[in-house]
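Labels below follow one simple rule: chain letters A, B, ... track the order of the sequence lines, proteins then strands, and each chain is numbered from 1.
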Number of protein chains: 2
Amino acid sequence: MSAIKKHDVFQAVADPTRREILHLLSNQNLAISEITSHFSITRTAVVKHLTILSEANLVSGKKSGREKIYHLHPEPLMEIKNWVSYFEQFWNNKLSMLKYLVENEEDKKE
Amino acid sequence: MSAIKKHDVFQAVADPTRREILHLLSNQNLAISEITSHFSITRTAVVKHLTILSEANLVSGKKSGREKIYHLHPEPLMEIKNWVSYFEQFWNNKLSMLKYLVENEEDKKE
DNA sequence: TTGACATAAAACCATTTGGTGTTATATTAT
DNA sequence: ATAATATAACACCAAATGGTTTTATGTCAA
C-alpha cells in the first residue's frame, strides 16, 4: 500500500504546458490527439506530460475505442491551496509593512 | 527592462526543500548557515535553492557583517493561489460528483 | 481487406536539476 | 596577528526533464 509517488502535485503543476493541459481538460474531456493539437510539441511529448499528471492523480485516461480520453481530477490541487494559504497571513493583514520594517531593523542589529 | 525570469514561482515551489526553506523564513529571518543546519544537505546546495527562490522573488538576502540574512517575500505566491482558485469550482460545489458521473457516461458513448 | 487514424513503446539527446567537493575571500573574536 | 566562521565561486557529476524520431499495434470506415 501507499505506493511511492514519483511525481507530486507541486511538481506536476510546475510545468506551464501541464498547467495548460489541466485548463483544457477543465472545459471538456479530450483524447490525446485533441490535446496535442493545442500545442506545437509532438504527441509523444504530450503523452509524457499526461503520464506525469496521472501520477499526481490530476488526470486519468480511459480507453474508448481507438482513442484514450483524458479527464480532470482537480482534487489534489487542494494540497497546493492549503500550502499557499498558510502564507496568506503575511500579505493579508495591514501590519505586514510594519512587520517588514521591524525585521529589517533586527537585521541591522545582528 | 522586464528581465527574462529563469525561474517562475510554480517551479520554485516544486521542490520540497525549497518549500521548507520558505516555511523556515516565515518564522524568522535566517543566515545561510542557519538554514543549512535544518537540512542534511551541504551549504552549497542550500545556496542554489536560495538562488532559485530569489529569482522567483520569494526571498531576498541582505549582507550583514559576514552573514547573509535571508527573508521571505510571500507575495508571488498569490499567482499560485489565483491559478488554483480557478479549479475550486470543480470540487467546491455539491454537483461535482454528478458532473463526474455524467462525463463518464459520455465517455462510454463516444 | 485495406488504408487511415490513434495510441503505445522504445531508443536517443541536450539541458536542467539537485547534489557534491575544493579553493578563495571577507569578517569576527581571541 | 591569527584562527575560526560565513560566504562565494568553481568545477564536477548522476539523474531527471522535456523533447525528438522510429517502429509497432490496435481500431474504424470505406
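Between A:L77 and B:V84, the shortest heavy-atom contact is O-CG1, 3.9 Å.
When distances run from any side-chain atom of A:A45 to the nucleotides D:dT20, D:dA6, C:dT20, the shortest one goes to D:dT20. Closest to the A:A31 side chain, of the nucleotides D:dT7, D:dT17, C:dT7, is C:dT7. Relative to the side chain of A:I52, the nucleotides D:dT7, D:dG18, D:dT20 differ in distance, and D:dG18 lies closest. With distances taken from any side-chain atom of B:I32 to the nucleotides D:dT7, C:dT7, C:dT20, the minimum falls on D:dT7. Side-chain proximity of A:K68 to C:dT17, C:dT7, D:dT20: nearest is C:dT7. Considering only side-chain atoms of B:H7, the nucleotide from D:dT21, C:dT17, D:dT7 that sits closest is C:dT17.
Residue B:S85 holds its OG atom at 12.0 Å from CD1 of A:I80, rounded to the nearest 0.5 Å. For the atom pair A:E67 CD and A:K62 NZ, the distance stands at 13.0 Å (nearest 0.5 Å). Distance check, rounded to the nearest 0.5 Å: CD1 of B:I32 to NE2 of B:H49 gives 13.0 Å.
Contact check for A:L25 versus A:V59: side-chain heavy atoms found under the 4.5 Å cut-off.
For the pair A:E55 CD and D:dG18 C1', the computed distance is 14 Å after rounding to whole Å. For the pair B:K62 NZ and D:dT7 C1', the interatomic distance rounds to 17 Å; values are reported in whole Å. Separating the CG atom of A:D8 from the P atom of C:dT17 is a distance of 16 Å, rounded to the nearest angstrom. One can place CZ of A:F10 at 21 Å from P of D:dA16, the figure rounded to the nearest angstrom. The nearest whole Å value for the distance from the CD atom in A:E67 to the P atom in C:dA4 is 18 Å. If you measure from atom CD of B:E20 to atom C1' of C:dG18, you get 15 Å, rounded to the nearest angstrom. Separating the CG atom of B:L50 from the C1' atom of C:dG18 is a distance of 14 Å, rounded to the nearest angstrom. At whole-Å resolution of the value, CG in B:L30 and P in D:dA6 are 13 Å apart.
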Summary of protein contacts for nucleotides 23-30 of chain D, nucleotide by nucleotide, where a base hit scores B, a sugar-phosphate-only hit scores S (4.0 Å, heavy atoms): ----BS--

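Side-chain contact check for B:S26 and A:Y86: at least one donor-acceptor pair (N or O, by modelled atom type) lies under 3.5 Å.
Nearer the 5' end of DNA chain D, as judged by each residue's closest nucleotide, is the contact made by B:R43, out of A:R18 and B:R43.
Using the six-membered ring where Trp is involved, A:F87 and A:F90 have ring planes that are tilted, between 30° and 60° apart.
Neither OP1 nor OP2 of C:dT17 sits under 4.0 Å from any side-chain N or O of A:Q11.
Donor-acceptor pairing under 3.5 Å, judged by distance alone, is present between the side chain of A:T44 and the base of D:dT21.
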